[in-house]
Each structure stands twice: as structure tokens, then as C-alpha cells.
There are 2 protein chains.
Amino acid sequence: MSRTTIADVARVADVSKATVSRVLAGQSKYIREETRQRVQKAIEELGYHPSDMARSLKSKRSCTLGIVGYGLEFFGPSCTISGIEQEASELGYTLLLHLIRQPETNNVEELLERMQSRYVDGIIWAVPEIGENHAWLEDKTLWPSVPIIFLSTEPRPDRFVAAVDNHNGGMMATRHLIVQGCQNIGLITGPLDWWEARQRKLGWKDALESVGLPRKEGYVVEGNWSALSGEHGLTQLLTRYPEIDGIFACNDRMAVGALKRARQMGRRVPEDLAIIGYDDVQDAEYFYPALSTMRQDMIELGRLAVRKLGQVIEAGHNDVLCPPEAVILQPELIVRASSLLRK
Amino acid sequence: MSRTTIADVARVADVSKATVSRVLAGQSKYIREETRQRVQKAIEELGYHPSDMARSLKSKRSCTLGIVGYGLEFFGPSCTISGIEQEASELGYTLLLHLIRQPETNNVEELLERMQSRYVDGIIWAVPEIGENHAWLEDKTLWPSVPIIFLSTEPRPDRFVAAVDNHNGGMMATRHLIVQGCQNIGLITGPLDWWEARQRKLGWKDALESVGLPRKEGYVVEGNWSALSGEHGLTQLLTRYPEIDGIFACNDRMAVGALKRARQMGRRVPEDLAIIGYDDVQDAEYFYPALSTMRQDMIELGRLAVRKLGQVIEAGHNDVLCPPEAVILQPELIVRASSLLRK
DNA sequence: CTATAAAATGTAATCGATTTCAGAAACCGA
DNA sequence: TCGGTTTCTGAAATCGATTACATTTTATAG
């Protein structure tokens, strides 16, 4: 047996499909109470549920958001998606999820087309800006015909963006080390083709400059976000510049790699070497020593993105598709044992 | 301007909509080459893309899988979703994602209805079995009219299930501790209303029984998966039973909690106390000491679920909706420093 | 050069809703 | 009782495809 349709309800309630539709819509006052009840009764009797499919086809609205995500195996992105889903759910949207494995996806066009052919009401592009992977934005013919918001990408006058202030985050982390008394602060960055990594590095630089601390080129080593690269980074830094007494690792994974290697190299953390990470991954306090870090509320970022996008969708089809806007969240300094230096 | 439709293409190519549709379908041989090319040309000229919405409405197939997930902030579930997406993508399915926050969701009916009203081709229920949260399965009227596969739940003759063998995992972990020479092995379980937690506990019990080692009731303490509960658990166990020399913590988070507390209590790990966790979270080797654990390939679990579900969908509408079947994956023992005892 | 089968295309119904437009019913004052 | 609103309901078009069936065209055989 197939779905019960609005026609079935109409037949049972002995009214037209139009009337049933009106009862369904709810707001329309032009329905006699008696009729409404008869229809309601038929609906319940039949256990009728309208087909979102048919509805969307006609209305060109699907109450669906297209989500393009990346790196769900990692903590940050997972939280972002979770936040997106929370808010979307509250606002009555469902998610169409697509994950990208290679950040340089080239089938952007197909992807966007697929989502649009399902009448998504808006799109959230939650793929970090890496290298040229956002170059497709230059080609305006690819721009979707629905609002699209970009997460964790560089704000620009033609985009709708939500991101965490990585530059400030980098500054805060570095300043904290300075306040703790570090004199020579090394940096283990993420891959520098990541916009976020560059921003954090910039924060480190600016923080040092503002207080006139040394900032040799060699104090910087580029990791790849992995713990192993944190280990390598630390080895490089300390062998070449033994005077280094503070490390800002641009994510927690590299930080714990550094933590481990420092121990192996006989450096006490934090007495000889203060270390701070970035992300505040789950149970960061259970590393040894407990890891200081920058917390960024990715769940809130996700929620915020949906909320903003929702507003744009509501405002709707009137004029501009996407008001160029940048929503920036601030990270938070979390001080734990790994950076509690001279006291 | 609105979407270009199949009618536009038909007009430009000077054929009927039916012909365009046939060209689109591809397989139908009953198309003259000349016509096909004319249509193709029109399609490209117009940049036409068919509407999945309309297509699904007619065909009652959406090439979409409904995913109901839980706990995306955690490592395991994230990987599962990622795996699901990978395989789905390869098989040409898109995902409709819905996350549950309270495991005891009571709006199951609405949720299922929502997905079905969007004509999902199948459903993956990736919410662990906790307490009575699967009780709705008793009410067959709720059963969706499309195949549904359950992840990480107890296999039963009326369900289609994919899960990791937690019982065996528990046995393997415990046996490992035994082989390392532990004589008194304590257990920090997850919440016992979780099916997975109960299975792991059972594994512990069976492993001990099979070699005749002591297994007092007090050797068991129930945690809540959090690192903090691991700390508490360890305190309880060691103060009451100082003879304990091995701990099987039923997930890594509790294990690292135990690791930390053991250090605080002056027990050397692994010399005085061997500890093994479960999950193999990212960078588990960077805890101190590096954490032994059971690895479960949740990505593969997700992929497998999709593959199986896909087969059922393909086999399709013929007869039974869901062949009762249980696909069981085996976990893998990962030995690191935290459990390398007597040598 | 027909008769007939095979190949190619078109017509129109269909999927399941929404919505415009028009007609019927109810109400109200004169 | 009549005309004019206001309220309520229905018929039919529409969204954008697919597909059963009908029809035309082409190929093949006799």
C-alpha cells in the first residue's frame, strides 16, 4: 500500500484537496470550525502525513540546509557540525550533509548543483580555506542561487562569513606565555596554506612585536597539525635554539607531541619550557602536564552560522542574496599546568 | 529567473519532454543518435540540470539515506558518521542528517515520519542502545516503510544490525592484562544501561572466569564515560582493594582519568598498575604513559552499514523490508606503555 | 512496392502537494 | 425579499520530472 495522500483525506472528510491543504496550513482563517474538525478527524483517522517532497516541489522551499563539511574525524569540525545541527533542528531545518575528503575538491560545481536540485534553502560551507580551494568563488557563475555562508575563512567584502578570531587567539596565547615570563617563544604552526594557521602565526608575531621580544625566523617551524609533527617541531626548535623557554603550538595535537618530546629531551614542562596549545580538545587537562590552550567554541560557531543564515533566508528573495558580513567569535584562554611558569 | 526545466530543453531541441527524459536516463536505446546529440547540445547550452525534487516525487526514490546520530562531539560517533558519508558518497547517496541529544528521544515517530516524507531510501539508526531507548521497536506501527539498519545495538532476530564485538573486545583487553601478569584486575565500566558497556563488562567477567582469577563484585565500578569518572573510579577501586594491579577502563577517556589519578596516588603505571582503555582515540599514544587500548574501526563500521543497507535497497521492494542480519566487526588490541607490565 | 516488425518519438497521466480564481453560502441592513 | 459583503469551498493549473500508451517513422522481408 502506498502513502495516504491529501486526496484520501479529502475524500474521507468529503471536502476538496484545497480545503485540506488550508487546514494543514493552519493560518488561513477562512475555514469553518466544523469543516476544520472534520478534516482533522480524517487526518488522524488515516494517520496522514503530508509529503515534504511534493510540498517542496511546489513551494520551492525544502526547510533543508546544505552542509559541506571537512575533517569530521577531528574534534573542531565535529563540534561545528553538531552546533549546526542543534540550531537547525531548533529552527526547523533538516540537514543535507556532504563531506569533502580532499580539501581541494574540484567538483564544487556538481556538489552545489546537487544541493540546489534538492531545493536547499541555504548552504553552509564548512571547509577551511586551504591554498586555492576557495578559488571557485571567483567564478560567479558557480555561485548558488541560495544564500551561502562560509565558516573559518577569510572575511571579504563579497562573502558571508562566520569565523573565530584566530589572529587574536594567537596573540592571546603568546601574550600569556610572555606574562608567564617566557623570553624566547617558539612557534609550531599549522600548515601555512591554511588561513587559520597563518592567522595564528600572525597573532604570535604581533604579540611579540608589541613587547619587543626576539622573534627570529628560526623560531618558527611548520607542522601539519599532527602530534608527530609537534614532536619533530620541538626537536628542531630546541636543538637549534636551546634558549627557547616557551612554545605556542597552533593546535593541541601538536602541543601534546611537543609535550612528549620535551619530556624525552629532559626538559621539564613547565619549569624549563612552557607550552600552550590551541583548540581545547576534550580532556586536554588529562595530558601530562595538563595542557594550557585556547578554547574556541565551535558548537557556538555552528549555531551562529545557522542563526544568521536563517535570518537571511527569512528576509528572503527580496534583493541581495547574501549580505556581505563577517561574524567573528573570540576564543578563550584556558590556563593549565603546562604553561604555569615562574611564580 | 527560475530554473531551466526539461520543457525548456525540449523546446530548444525541438523534441518532446519524454525524449529529453529518455536521453537523460541514458540507458534507453530507443533514441536516434542524431536526436540524442541535439538534446545534449540543448542541455549544455542551457546549462540544464534536472530537479532531483521532481524526479524523486515521481520515482519515489531520492538517493538519500536518513541518518540518525548521537554524540557527534565524541570520537567514535564522529568517525561512524564520517564512514557512513564516505561509502554513501561512493554509492551515490546523499545524507539527511539528524542528531539526537537526549538518547531517550521520544519523538521517534515524528523523526521517522520526517525522513520518510522526504522519501529516504533507507535509514541508519546510529544511536547506541541505552536503557529503554529502543523500546519503540516493539511498536511495529512505527517501523518505517524503508529498510533501517541499527548500529551498535544488540542483534535480534527482527533487526538488521551492524556492531563491533564489544564482548570479545572486553575479553581481549582483559586477557591482555592477564598475560601481562596482572593478578587482580579491576573494571571501570561505562554506564550499565548502555548495551555496549554491559558487553564489555561481560567480556571482562568471562575472561577472568576462564582462567580462574578472582572477580569480586567490588572490583567493578561504574563510570559515566568521562575522564573525571575514571578518576573517581580508580580512587574507589584502589582504596578498597589495594591489591589491584590491573585496570580495564571501558573507554579511553576514563582510562586517562585513571592514569592521572594513579600518578597522583603514587602508583607507577605500568609497573605497579597496568591500565588499558577502549576506543583508541586520536593521539592515545601521547598520554603519559602511552595508553594501551582496544581499537574499533568505526569508520569501517559506518561504511559497512551503508554497503549492507545499499544492498538491501537495491534488492528492493520485492519482499521483506529488512533481512534480519547482524554484521559484527572485531576490535583490535593496541598495546602501548600503559599496560606493559612484568617482563 | 507493399506488409509488417522494429525503432523512434510524442501525448497525456501521474507523483502529492499548493494556490489562483471563481462560485456558493451565509450574513446583514434596507 | 433583495442586493452587497464577507466567509467559505471547490475546480483546475502548477511545480518538474517519469512513464504507459499511442503514434509515427524507418527498416526489413517477401
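Below, chains carry the letters A, B, ... as their sequence lines are ordered, and counting in each starts from 1. This one's a predicted model, so the numbers in the text were calculated from it and none came from an experiment.
- Distances shown here put a side-chain N or O of A:K60 below 4.0 Å from the OP1 or OP2 atom of D:dG16.
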Check your understanding: Under the salt bridge (charged side-chain N to carboxylate O under 4.0 Å, His left out) criterion, do A:E300 and A:R307 qualify, and how do the steps go?
Key -> CA-CA 10 Å; A:E300 182 54 26; A:R307 223 174 300 143; 3.2 Å; yes

Extract from the structure each pairing of a protein N or O with an N or O of nucleotides 20-22 of chain C at less than 3.5 Å, listing the distance.
unit_1, atom_1, unit_2, atom_2, d
C:dT20, O4, A:R22, NH2, 3.4

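- Looking at residues 47-59 of chain B, you'll see B:L57, B:K58 sit with a heavy atom under 4.0 Å from some atom of DNA chain C.
- The interatomic distance linking B:Y119 (OH) with D:dA17 (C1') rounds to 13 Å, in whole Å.
- Protein atom CZ of A:R61 is 19 Å distant from nucleotide atom C1' of D:dT14, rounded to whole Å.
- Here the P atom of nucleotide C:dA17 and the CZ atom of B:R118 are 14 Å apart, to the nearest Å.
- Among the protein residues, B:V15 comes within range of the sugar-phosphate backbone only, with heavy atoms under 4.0 Å from sugar or phosphate atoms but none that close to a base.
- In this entry the distance linking CD of B:E34 with C1' of D:dT25 reads 14 Å, nearest Å.
- Here C:dA7 is the nucleotide among C:dA17, C:dA7, D:dC8 with the atom lying nearest to any side-chain atom of B:Y30.
- Rounded to whole angstrom, the span from the CG atom of A:L46 across to the P atom of C:dA17 amounts to 12 Å.
- Between its two ends, the helix from C:dC1-D:dG30 to C:dA30-D:dT1 turns its axis by 50°, counting five pairs per end and rounding to 10 degrees.
- Regarding contacts with the backbone of D:dT7, every side-chain N or O of A:R32 stays at 4.0 angstrom or more from both OP1 and OP2.
- Among residues two or more places apart in sequence or in another chain, the side-chain hydrogen bond (donor to acceptor under 3.5 Å, both in side chains) test is passed with B:K17 by none.
- Environment of CD in B:E34: crowded, with over 12 heavy atoms of neighbouring residues, nucleotides or ligands closer than 6.0 Å.
- Among pairs with a residue in residues 93-106 of chain B, those fulfilling salt bridge (Lys or Arg N to Asp or Glu O under 4.0 Å) read A:E85-B:R101, at least two apart in sequence or across chains.
- Residues passing the side-chain hydrogen bond (donor to acceptor under 3.5 Å, both in side chains) test with A:S152, sequence neighbours excluded: none.
- With sequence neighbours excluded, no residue satisfies ring pair (Phe, Tyr, Trp, His ring centres under 6.0 Å) with B:W195.
- Applying the salt bridge (Lys or Arg N to Asp or Glu O under 4.0 Å) test to residues at least two apart or on different chains, the pairs with a partner in residues 131-155 of chain A are A:E138-A:R156.
- In this view, A:E73 and B:S82 satisfy the side-chain hydrogen bond (donor to acceptor under 3.5 Å, both in side chains) rule, not counting sequence neighbours.
- Contacts of B:E109 classified as side-chain contact (heavy atoms from CB on, under 4.5 Å), with partners at least two apart in sequence or in another chain: B:L142.
- B:I6 has its CD1 atom 19 Å from the P atom of C:dT14, to the nearest Å.
- The salt bridge (Lys or Arg N to Asp or Glu O under 4.0 Å) pairs that include a residue from residues 49-59 of chain A are A:D52-B:R118, where partners are two or more places apart or lie in different chains.
- With respect to A:W125, the ring-ring contact (aromatic ring centres under 6.0 Å, His included) criterion is satisfied by exactly one of A:W136, A:W143, A:F160: A:W136.
- OP1 or OP2 of C:dT18 sits under 4.0 Å from a side-chain N or O of A:S21.
- One finds no side-chain N or O of A:T5 lying less than 4.0 angstrom from the OP1 or OP2 phosphate oxygen of C:dG16.
- Rounded to whole Å, atom C1' of C:dT18 lies 13 Å from atom CD1 of A:I31.
- For the pair B:K17 NZ and C:dA12 P, the computed distance is 11 Å after rounding to whole Å.
- Qualifying side-chain hydrogen bond (donor to acceptor under 3.5 Å, both in side chains) partners for B:S89, counting only residues two or more places apart in sequence or in other chains: none.
- Toward the 5' end of DNA chain D, the nearer of the two residues B:V20 and A:T35, judged by each one's closest nucleotide, is A:T35.
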